[in-house]
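Please read the structure below before turning to the comments.
As a basis for the values below, the full set of heavy atoms in this structure was taken, side chains included, without hydrogen atoms, waters or symmetry mates. Counting convention: from 1, in listed order, for ligands and their atoms alike.
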Amino acid sequence: MTSPTSPTRPIVVVTGASSGIGAATARALAADGWHPVLGARRLDRIRAIADEVGGTALPLDVTDGASVDAFAQRVRDLGAVRGLVNNAGGAKGTEKVVDADEEHWRWMWESNVLGTVRVTKALLPSLIASGDGHIVTITSIAGLEVYDGGSGYTAAKHAEGALHRTLRGELLGEPVRVTEIAPGAVETEFALVRFDGDQERADKVYEGITPLTADDVAATVAFAMSRPSHVNIDTLVLKPRDQATGMRFNRR
Ligand code: NAP
């Protein structure tokens with residue numbers, strides 16, 4: 001990798017870079033010599049991070065096709081895209097199936113599943129043309145298992161994982177690597193968003209455990225993206241030592 005100040009740094013797009021895992025990933029990749037393009041709806045936040053690490057901040061709402069198209073065009077104008085981290089997304093609610101809230105389902109499918117399809121589709125030709133592209137998708141252990149009250153989120157993350165893993169075969173023979181990162185509990189704004197800003201309820205998710213930090217996940221992304229081009233890390237699952245499954249924790 002070249003120096004972080006060089007204009008020839010390879011471009012990596014990080015979606016949902018205004019907070020949590022996305023913000024930490026933009027910082028970690030910048031430290032590794034990438035030029036991060038940070039996309040999110042909260043522009044003030046991504047601008048501050050871009051200024052800090054020498055990246056580019058661009059408005060992005062992954063649920064809106066026109067926003068994704070405008071974003072992708074501005075990214076392409078910057079140069080060849082070598083990396084894409086599909087990170088934007090999250091969860092809403094914990095209703096059981098019998099009480100399923102369609103608005104919550106729609107929000108989760110639009111951001112995690114269709115958002116990932118839209119951004120990937122828009123940037124894939126540029127990733128292929130770069131001659132050495134890499135797509136990393138942040139799914140979740142919710143994409144590998146199910147848990148009570150989690151159907152909307154686990155269904156969306158399973159779908160996101162399926163679409164991501166499909167790329168592995170479809171891109172065989174193209175110069176693009178494909179890595180899925182599936183974290184367990186990470187302390188970010190995730191629970192606050194899931195519980196509509198209820199801080200007390202969000203804090204309970206991490207009570208008595210030592211959760212992963214956004215930096216822990218970012219370091220894993222940076223590891224996968226810094227392997228030599230012939231090495232494809234397909235899937236990495238990381239959880240706090242205090243977590244066995246989506247539902248089972250060692251709470252002290
Ligand atoms: P977070 O702190 O809430 O960050 C979520 C990010 O997604 C924010 O930057 C948000 O930006 C962005 N986002 C949401 N909707 C968006 C949209 N429509 N368009 C563009 N950006 C959007 O949560 P996080 O934990 O870092 O979550 C990042 C990813 O990791 C998510 O896909 C989540 O499902 C996954 N994950 C999280 C955990 C966990 O325990 N925290 C575990 C496994 C997987 P704006 O609101 O500014 O647009």
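By the 4.0 Å heavy-atom criterion, Glu110 is excluded from the residues contacting ligand 1. Using a 4.0 Å cutoff on heavy atoms, Gly115 does not count as a contact of ligand 1. At least one heavy atom of Ala185 sits under 4.0 Å from some atom of ligand 1. Under a 4.0 angstrom heavy-atom cut-off, Asp61 registers as being in contact with ligand 1. Distances from ligand 1 to the non-hydrogen atoms of Thr139 include at least one value under 4.0 Å.
Side-chain contact of Thr94 with Arg201: a donor-acceptor pair under 3.5 Å is present, judged by distance alone.
Heavy-atom proximity to atom 6 (C) of ligand 1, evaluated over Pro59, Gly16, Pro211, is greatest for Gly16. Counting heavy atoms only, Phe190 comes closest to atom 3 (O) of ligand 1 of the residues Phe190, Phe71, Trp107, Tyr153. Of the options Gly184, Gly90, Ala218, the smallest heavy-atom separation from atom 42 (C) of ligand 1 is shown by Gly184. Taking only non-hydrogen atoms, the option from Ile138, Thr116, Asn87 nearest to atom 31 (C) of ligand 1 is Asn87. Taking each of Gln243, Arg41, Glu189 in turn, the one with a heavy atom nearest to atom 48 (O) of ligand 1 proves to be Arg41.
Protein heavy atom at the shortest distance from atom 9 (O) of ligand 1 is Ser18 OG, 2.7 Å. What sits closest to atom 20 (C) of ligand 1 on the protein, heavy atoms only, is Leu60 O, 3.3 Å. Atom 25 (O) of ligand 1 has its closest protein heavy atom at Thr188 OG1, 2.6 Å. The single protein non-hydrogen atom nearest to atom 1 (P) of ligand 1 is Ser19 OG, 3.4 Å, given as residue, atom name and distance.
Within ligand 1, the atoms closer than 4.0 Å to a non-hydrogen atom of Ile21 are 25 (O), 26 (O), 30 (O), 37 (C), numbered from 1 in the order shown.
When only interatomic distances are considered, the shortest N/O to N/O separation between Ser111 and ligand 1 does not fall below 3.5 Å. For a threshold of 3.5 Å applied to N or O pairs, the pair formed by Gly22 and ligand 1 contains no separation below that value. Looking at Ala40 next to ligand 1, no N or O pair under 3.5 Å apart turns up.
By the criterion of a heavy-atom distance under 4.0 Å, neither the backbone nor the side chain of Ile141 is placed next to ligand 1.
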